[in-house]
Amino acid sequence: MQKIRVRFAPSPTGSLHIGGVRTALYNYLLAKKLGGTFIVRIEDTDQARFVPGAEEYIFNSLRWLGLEEDESPLKGGPFAPYRQSERMAVYSEHVDLLLKKGLAYYAFDSTEDLESARAAHPDGSWQYNAATRHEMRNSLSMSGTELETLLADGTPYVVRLKVPKNEEIRFHDVVRSWVMVHSSTLEDKVLLKSDGMPTYHLANVVDDHLMEISHVIRGEEWLPSAPTHVLLYRAFGWEETMPQFAHLPLLLKPVGDGKLSKRDGEALGFPVFPLSWMDESRNVEIPGFREKGYLPEALLNFLAFLGWNPGTEQELFGMDELVQAFSLDRIGKSGTRFDIQKANWFNHQYLQQKSDDWFKDGIENVLGLPVPAETLSKWVALVKERCTFPYEIYEMISNLTHFNGEVDQNLLKEKWHADASAGLGVFLSCIDSVASWTAAEIKLAFTAAVEGAGFKSGKLLLPLRIAITGKGAGPDLMLFMELVGRDECAIRLRNALERFPNLI
RNA sequence: GGUCCGUUCGUCUAGGGGUUAGGACACGUCCCUUUCACGGAUGAAACACGGGUUCGAUUCCCGUACGGACUACCA
């Protein structure tokens, strides 16, 4: 049986888009599922768009998510190098092969020539192909001596693929089944740029073949160029071992038309990058999923379900389960809107599964002191279930513990009613006699004291909350009172009674 | 404009010639909680349209509409 080898092939032209992360995930899942090899290849053939640090960012992102590759520029491997800029010799050698076979040709057209050819057909119908190439300056339209002179003079040129004139190109896509395109609609794509670098099409096909890639799993934006790639495999004589294609549906904007872009994240307030990314052009740091408090396992689970599903009603899948359940034939065909609310739900689910200990450092940090296990679990119990992100937990505890006595005047006006001061005063006067300072005992003592003085305890609960926390809503008050301690509660109560309107 | 791809609740989707078209997110209501969340229950909510094929089409075929991608010496 054929070895499974898949690759994730990003270009280091900026941060990793979340759609790219999903592509990486699907590749990874297929490899792990089938006992194959997951390769990361860096496609850095565009010198103009190269961004320093982007490659490092890509690997940091994969590390954070736990998508560890088997072969890459970092890890090496039997098919090194894995950075296309280091494989120039390979490409020129292969271009020569095509040139010799007469399946590719030299073209000397200037950018201006191309532009004017296109401009002559304002409907955008002009293509460099079998119908037009004889009108252009290339090795097919000129004499052999002219060609030799041009080449000898060092005239800049590109190499183009000679697309056959009249052929039906039919190929199989795992998610879309058979796709058919007529060669007359295809352009003679540039294979080798005038700077000597290969284009994506050439480098991609050559590398996939040489690296023995079995499945090409990539975004749907590549579907239109897949026929060109098929032609290339054919031209090289590699059609027999051509990889299987799987073009993934695109990630769409949450609202409106078009595919998801960086701008959407900023406009709508959610991340579209895995990790924070420094946008040099605007000199701003854009927070990623990690910085926004998303857990990697939640992001992974969320992303896995954007365009794929296991066909059961289970939604929570750890990485191992994802690997088990994954299969290419359950990938959907249609574009998927990106809905951050669902991501939040996943995050909430995974956050609830975290052990008390997982929050230890964060909570001790907020509290500024070591917290014994038993107390820790009470703090966690107090706030965890109402939070979606870890930072919310720490923030909530911080707000609770660092209450400075300031209360919203409207809240006070509405809720601090006539009995509040008197009733709470009664409780304060006997606060020291609460037998043991635990949530249950506090509640008992409070009720007894207040009812004993003729007040309805239920009506005093909200004023008590306001006095203790300054808020009209929040986590369990009695448990919080236990945690914050008797003395602090007494202080806060006294404070409130002094400062808030005494309506009696 | 051309080429290719797609279309089930607002969103992610299951399903597939005969189903009360299922689940999840979000939303509404109720319960729990003398708060707010969480949780539980429940409700509203979909087969784009028009033609075929068929006893029967949401499911198959063809058109139309709509959406998307591509249309660079970018990937």
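On the C1' atoms, B:C5 is 27 Å away from B:C25, given to the nearest whole Å. To the nearest whole angstrom, the two P atoms, one in B:C62 and one in B:U19, are 25 Å apart. For the P atoms, the distance from B:A75 to B:A65 is 35 Å, rounded to whole Å. Separating the C1' atom of B:U64 from that of B:G40 is a span of 47 Å, rounded to the nearest Å. The separation of B:G10 from B:A44, taken at their P atoms, amounts to 15 Å, rounded to a whole angstrom. With both ends at atom P, the span from B:A46 to B:C12 equals 16 Å, rounded to whole Å. Taking the C1' atoms as reference points, B:A57 lies 15 Å from B:C49, given to the whole Å. Here the separation of B:A72 from B:A14, taken at their P atoms, is 34 Å to the nearest Å.
Of the charged side-chain nitrogens involved, at least one lies within less than 4.0 Å of a carboxylate oxygen, so that A:Arg176 and A:Glu220 count as a salt-bridged pair. Salt bridge absent: A:Arg7 and A:Glu69 never bring a charged side-chain N and a carboxylate O closer than 4.0 Å. Using a 4.0 Å cut-off between charged nitrogen and carboxylate oxygen, A:Asp279 and A:Lys262 do not count as a salt-bridge pair.
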Which protein N or O atoms sit under 3.5 Å from an N or O of nucleotides 72-75 of chain B?
{"from": "B:C73", "atom 1": "OP2", "to": "A:Arg160", "atom 2": "NH2", "distance (Å)": "3.4"}
{"from": "B:C73", "atom 1": "O2", "to": "A:Ser194", "atom 2": "N", "distance (Å)": "2.7"}
{"from": "B:C73", "atom 1": "O2", "to": "A:Ser194", "atom 2": "OG", "distance (Å)": "2.7"}
{"from": "B:C73", "atom 1": "N3", "to": "A:Ser194", "atom 2": "OG", "distance (Å)": "3.0"}
{"from": "B:C73", "atom 1": "N4", "to": "A:Asp109", "atom 2": "O", "distance (Å)": "3.3"}
{"from": "B:C74", "atom 1": "OP2", "to": "A:Lys193", "atom 2": "NZ", "distance (Å)": "3.1"}
{"from": "B:C74", "atom 1": "O2'", "to": "A:Asp46", "atom 2": "OD2", "distance (Å)": "2.7"}
{"from": "B:C74", "atom 1": "O2'", "to": "A:Arg49", "atom 2": "NE", "distance (Å)": "3.4"}
{"from": "B:C74", "atom 1": "O2'", "to": "A:Arg49", "atom 2": "NH2", "distance (Å)": "3.2"}
{"from": "B:C74", "atom 1": "O2", "to": "A:Arg49", "atom 2": "NH2", "distance (Å)": "3.2"}
{"from": "B:A75", "atom 1": "OP1", "to": "A:Thr45", "atom 2": "OG1", "distance (Å)": "3.0"}
{"from": "B:A75", "atom 1": "OP1", "to": "A:Lys193", "atom 2": "NZ", "distance (Å)": "2.5"}
{"from": "B:A75", "atom 1": "OP2", "to": "A:Tyr200", "atom 2": "N", "distance (Å)": "3.2"}
{"from": "B:A75", "atom 1": "O3'", "to": "A:Ser11", "atom 2": "OG", "distance (Å)": "3.1"}
{"from": "B:A75", "atom 1": "O3'", "to": "A:Glu43", "atom 2": "OE1", "distance (Å)": "3.2"}
{"from": "B:A75", "atom 1": "O2'", "to": "A:Ser11", "atom 2": "OG", "distance (Å)": "2.4"}

For nucleotides 40-49 of chain B, print each protein N/O atom paired with a nucleotide N/O atom at under 3.5 Å, atom names and distance only.
none

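Between A:Phe171 and A:Tyr233, the distance separating the two ring centers is not shorter than 6.0 angstrom.
A:Phe346 and A:Phe305 have tilted rings, their planes meeting at an angle from 30° to 60° on a 0 to 90° scale. Using cut-offs of 30° and 60° for the angle between ring planes, the A:Phe273 and A:Trp277 rings count as perpendicular.
Residue contacts for A:Leu250: at a heavy-atom cut-off of 4.0 Å it reaches the sugar-phosphate backbone alone, with no base atom in range. At a threshold of 4.0 angstrom between heavy atoms, the contacts of A:Gly219 with the nucleic acid are absent. Looking at heavy-atom distances under 4.0 Å, A:Lys333 makes contact with sugar-phosphate atoms alone, never a base. A:Asp476 comes within 4.0 angstrom of a base, heavy atoms only. Using a 4.0 Å heavy-atom distance criterion, A:Gly307 is classed as a sugar-phosphate-only contact. Residue contacts for A:Met180: at a heavy-atom cut-off of 4.0 Å it reaches the sugar-phosphate backbone alone, with no base atom in range.
Distances from the side chain of A:Val179 to the nucleotides B:C4, B:C25, B:C38 place B:C4 closest. Here the nucleotide nearest the side chain of A:Gln349, chosen from B:C4, B:C38, B:G39, is B:G39. Residue A:Arg465 has its side chain nearest to B:U35 when only B:C25, B:G6, B:U35 are considered. When the nucleotides B:C4, B:U3, B:C12 are ranked by their closest atom to the side chain of A:Thr185, B:U3 comes out on top. With B:U11, B:U34, B:U71 as the choices, the nucleotide that has an atom nearest any side-chain atom of A:Asp339 turns out to be B:U11. The side chain of A:His348 lies closest to B:C38 when the candidates are B:C38, B:A24, B:U13.
In this entry B:C55 has B:G18 as its Watson-Crick or G-U wobble partner, both defining distances falling under 3.5 Å. A 3.5 Å limit on both hydrogen-bonding distances identifies B:G68 as the Watson-Crick or G-U partner of B:C4. Across all strands shown, B:G39 pairs with B:C31; the Watson-Crick or G-U wobble distances both stay below 3.5 Å. In this structure, B:U11 forms a base pair with B:A24, meeting either the Watson-Crick or the G-U wobble geometry with both donor-acceptor distances under 3.5 Å.
For the pair A:Lys342 NZ and B:C12 P, the computed distance is 10 Å after rounding to whole Å. Separating the NZ atom of A:Lys459 from the C1' atom of B:U34 is a distance of 11 Å, rounded to the nearest angstrom. Atom CG in A:Leu479 sits roughly 14 Å away from atom C1' in B:U33 (whole-Å rounding). The distance from atom CD of A:Gln127 to atom C1' of B:G1 is 12 Å, rounded to the nearest whole Å. Distance CZ (A:Arg337) to C1' (B:G6): 13 Å, rounded to an integer number of Å. Atom CE of A:Met396 is separated from atom C1' of B:U35 by 13 Å (rounded to the nearest Å). Following rounding to the nearest Å, A:Glu313 (CD) and B:G23 (C1') show an atom-to-atom distance of 4 Å. When the P atom of B:A14 is taken as reference, atom CD of A:Glu315 falls 12 Å away, rounded to whole Å.
In this structure A:Lys443 satisfies the salt bridge (Lys or Arg N to Asp or Glu O under 4.0 Å) test with no other residue, sequence neighbours excluded. The ring-ring contact (aromatic ring centres under 6.0 Å, His included) search around A:Tyr391 returns A:Phe389, not counting sequence neighbours. For A:Lys189, the salt bridge (Lys or Arg N to Asp or Glu O under 4.0 Å) criterion is met by A:Glu187, not counting sequence neighbours.
For the pair A:Arg160 and A:Tyr128, the distance from NZ or CZ to the six-membered ring centre is under 6.0 Å and the angle to the ring normal is within 45 degrees. Note that A:Arg22 lies in the cation-pi zone of A:Tyr26, set by a 6.0 Å cut-off to the ring centre and a 45° limit from the axis.
Applying the side-chain hydrogen bond (donor to acceptor under 3.5 Å, both in side chains) rule to pairs touching residues 444-464 of chain A yields A:Glu451-A:Ser457, sequence neighbours excluded.
Of the side-chain N and O atoms in A:Lys443, one or more sit less than 4.0 angstrom from OP1 or OP2 of B:U34. The phosphate of B:U13 (OP1 or OP2) has no side-chain N or O of A:Asn309 nearer than 4.0 angstrom. Contact annotation: A:Arg330 reaches the phosphate of B:G15 (side-chain N/O to OP1 or OP2, under 4.0 Å).
Evaluation of atom-type donor-acceptor distances gives no pair under 3.5 Å for the side chain of A:Lys259 against the base of B:A69. For A:Ser125 against B:U71, no side-chain N or O and base N or O form a donor-acceptor pair under 3.5 Å.
Each of A:Pro254 and A:Gly311 was matched to the nucleotide of RNA chain B holding its nearest heavy atom; the match closer to the 5' end belongs to A:Pro254.
Annotation for A:Lys193: atom NZ counts as buried by contact number, over 12 foreign heavy atoms lying within 6.0 Å.
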